[in-house]
Structure formats: structure tokens, C-alpha cells
Protein chains: 2
Amino acid sequence: MSEAVSLQTVVGVNVFAANCPSRSVLDHVTSKWGVLVIVALSGDTLRWGELRRSIGGISEKMLAQTLRVLEADGMVLRTVQATIPPRVDYQLTDRGRSLADRLIPLVEWVGDNAVEIVAGRPEAGAS
Amino acid sequence: MSEAVSLQTVVGVNVFAANCPSRSVLDHVTSKWGVLVIVALSGDTLRWGELRRSIGGISEKMLAQTLRVLEADGMVLRTVQATIPPRVDYQLTDRGRSLADRLIPLVEWVGDNAVEIVAGRPEAGAS
DNA sequence: GAAGGTACCCACTATTTGGTAAGCTACTAA
DNA sequence: TTAGTAGCTTACCAAATAGTGGGTACCTTC
């Protein structure tokens, strides 16, 4: 059990504790849409509409909600230009970029292994 | 936009496409309890009860459900010994271990940054 | 004989998450 | 005049997720 224990010891807070506030952070950074938003912004600054179009299947509601959470956690910076039509830019903060460095390998892993994993799943109604 | 585009190009499938099957894999590996189970098992094999006790706050139902999903995706291996009382061991497969290699840096990042992030959040009911 | 441990499953309920569709402001183009 | 654009917000509803409490089987300990 050496490794798992050392993990809990090394980090400042214990993610394995039920009431640890880090749990909320973990939930945000591993949320369904949060991951994709962070990775999408890892390339460069995107406008609202660009973000919406680049993340297939996201609804406006979910995009807005996800961006608000990520902004509150200091991962994403929102810049409004009061022009007509309005222009709103989203970019990663330093913190967001350091998070993206951890998320990109994960997303790449999913991309590399997804086909195999899906193909290997037992069928739901197998006899 | 070079980086974000190259990310989509490099991986075999496009995680940004709405109907891509990789989305389900992404959902599983970033699920609330899935992350903690994988990381907990990264140290070594654990029994059902050990797993339950080491992940604070998880219910039996959620642990069972999470383990079934991870087993179906080939991340976790379940070994039953038909002794009395029954003994069931859970361990990572090779695939699970390679996933853990991507998840541990993320969880460590959360552990290192959680305090700062939580402290910096705007207060909900600020005047 | 009652209680406890192990590793679950099942039904029911509650909470959270997510989707759909509409509306909003202020403009421009047809 | 109507439609369209940009970037949202709100209300309503469906679905997924999560918790509770019970039951199971078989044995050991009190």
C-alpha cells in the first residue's frame, strides 16, 4: 500500500477525505464539459461562439454554466468588449494553463484508447 | 489556433465531436468516483471493504456501480475467491495503470491548488 | 440464539445535471 | 418590416446520478 499512502501524504490536502474542500475542485476540473472547455482553450483565446462551435453537443446553458464555474475557480479569464455586437473573449489563466498541462495527456489517452475500450465492452443484452 | 487543432488531429478520434464514442470513455474516466477509485487502486490491490473505507463518502451503491463501469471498460480486474466469508479483490489492469499515470498528476495538482482555489472563489452572496 | 462481518443487490426517493425553447439588447442587412 | 447576429438568462422538464434502507448467504464470535 506504499504508493497510495504516499500520494495522500505528499499532497497538502487529502482528496480521499469525504468533507475535503478539494473535492469540489476535483468535481469542477473533471466535469463533463469543463475538461473539454479547458482543452479547447489550451490552444488560444476563443470567443463565445467559437467555443460553442468547437465543442460539439454543448448547449448554450451548459457552456455558460461551465464557464462561470471555471471563471470563479480562476481557470478562465473572461474579457468583455462593449461593442455592437458584443464580443466576449475567453482565455486560460496561468492556473488554467497548468491545469491544461495535466488534462491534455488525459484527453489524448482517451483519444488513443477509446476505440479499443468501446469495442471491448461486454454487450448489454448478452445471453 | 495551432495547438488546439493539432490536438484534434493527433489523436485517432475527435473528442470534440458530439457523437464520438470516446465521449462515453471520457465521462467514465472523469467521473466523480471513478477518478478516486483508479487512484486508490494505483497503489495496490484492494478488497471491497478496503476500497470503501479508503474513499471517504462513497456509498456502497456508488462503489459497486463505479467498479462495474470500470470493469466493463477494462480498467479494473475483479477477482472472486469463493471462500467463506467471500473475498473479492480489485486491481488495475495494464490499461487501468496507464490511465492512472495520467490521473495521478491531475489529482496531485488538485491537492496542491485546492486551498488557493477555494480561498479565491467569489462569495456566493456577496453584496 | 443473537449479533456481526463480507460483499454485494434491489427498490424507492431525492438531488443534481442537462436539454429545449424562449426572450433580451442593440444593432445591421435585405 | 422582418430576419439575423452576438452573448447570454430564464423557465420548464427529462434524465442521470446519488443516497437510504432493506435483504441475501454463510460463517464466526459472544
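Below, read A as the first sequence line, B as the second, and so on, with proteins coming before strands; counting in each chain starts at 1. Atoms considered below: every heavy atom in the structure, side chains included; atoms not considered: hydrogens, waters and symmetry mates.
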> CZ of B:R23 versus P of D:dA16: gap in Å, rounded?
Replying inline: 16 Å
>> If you take any heavy atom closer than 4.0 Å to DNA chain D, which residues from residues 70-77 of chain A end up in contact?
In response: none
What does the list of N/O pairs under 3.5 Å between the protein and nucleotides 17-21 of chain D look like, with a distance for each?
residue	atom	partner	partner atom	Å
D:dA18	N7	B:K61	NZ	3.1
D:dA18	N6	B:K61	NZ	3.3
D:dG19	OP2	B:S59	OG	3.3
D:dG19	N7	B:K61	NZ	3.4
D:dG19	O6	B:K61	NZ	2.2

>> Using the rule side chain to side chain contact (heavy atoms under 4.5 Å, CB included), only one of B:I104, B:L103, B:V29, B:V107 pairs with B:I38; which is it?
In response: B:L103
>> Need one value for A:R52: base, sugar-phosphate or nothing, where a base atom within 4.0 Å counts as base even if backbone is also close, heavy atoms only.
In response: nothing
> Does A:R68 put a side-chain nitrogen or oxygen below 4.0 Å from OP1 or OP2 of D:dT9?
Replying inline: yes
>> Rounded to whole Å, how long is the line connecting atom CG of B:D89 with atom C1' of C:dT6?
In response: 12 Å
> Does a side-chain heavy-atom distance below 4.5 Å link A:D73 with B:R121?
Replying inline: yes
> Between atom CG in B:N19 and atom P in C:dG19, what is the gap in whole Å?
Replying inline: 14 Å
>> Consider side chain to side chain donor-acceptor pair (under 3.5 Å). Of B:T93, B:D101, B:D94, which one does B:R97 pass it with?
In response: B:D94
>> Whole angstroms only, please: what is the CZ-C1' distance between B:R78 and C:dT6?
In response: 13 Å
> When the distance from CG of A:D27 to P of C:dG18 is rounded to whole Å, what number comes out?
Replying inline: 11 Å
>> What is the distance, to the nearest angstrom, from the CD atom on A:Q81 to the P atom on C:dC27?
In response: 17 Å
>> Grouping I, L, V, M, F, W and Y whenever their side-chain heavy atoms are under 4.5 Å apart, do A:V88 and A:W33 come out in a common cluster?
In response: yes
>> I'd like to know whether B:V110 forms a side chain to side chain contact (heavy atoms under 4.5 Å, CB included) with A:R102, so could you lay out the CA-CA distance, the side-chain angles of the two residues, the decisive distance to 0.1 Å, and finally the verdict.
In response: CA-CA 10 Å; B:V110 171; A:R102 272 76 178 187; over 6 Å; no
> Please give, in whole Å, the distance from C:dA7 P to B:L63 CG?
Replying inline: 11 Å
> OP1, OP2 of D:dG7 versus side-chain N and O of A:R47: anything below 4.0 Å?
Replying inline: yes
Side chains of residues 57-70 of chain A: which donor-acceptor pairs under 3.5 Å do they make with residues two or more places apart or in other chains?
residue	atom	partner	partner atom	Å
A:S59	OG	A:M62	N	3.2
A:E60	OE2	A:R52	NE	3.4
A:T66	OG1	A:M62	O	2.6

> Starting at CZ of A:R87 and ending at C1' of C:dA26, how long is that distance when rounded to a whole Å?
Replying inline: 18 Å
> Linking I/L/V/M/F/W/Y whenever any side-chain heavy atoms sit under 4.5 Å apart, do B:L77 and B:W48 land together?
Replying inline: no
>> Taking the minimum atom-to-atom distance to the side chain of A:Y90, which one of D:dC8, D:dA6, C:dC8 wins?
In response: D:dC8
>> Less than 4.5 Å apart, side chain to side chain, heavy atoms only: is that true for B:L36 and A:R23?
In response: yes
> Do the side chains of B:H28 and B:M75 get nearer than 4.5 Å, heavy atoms only?
Replying inline: no
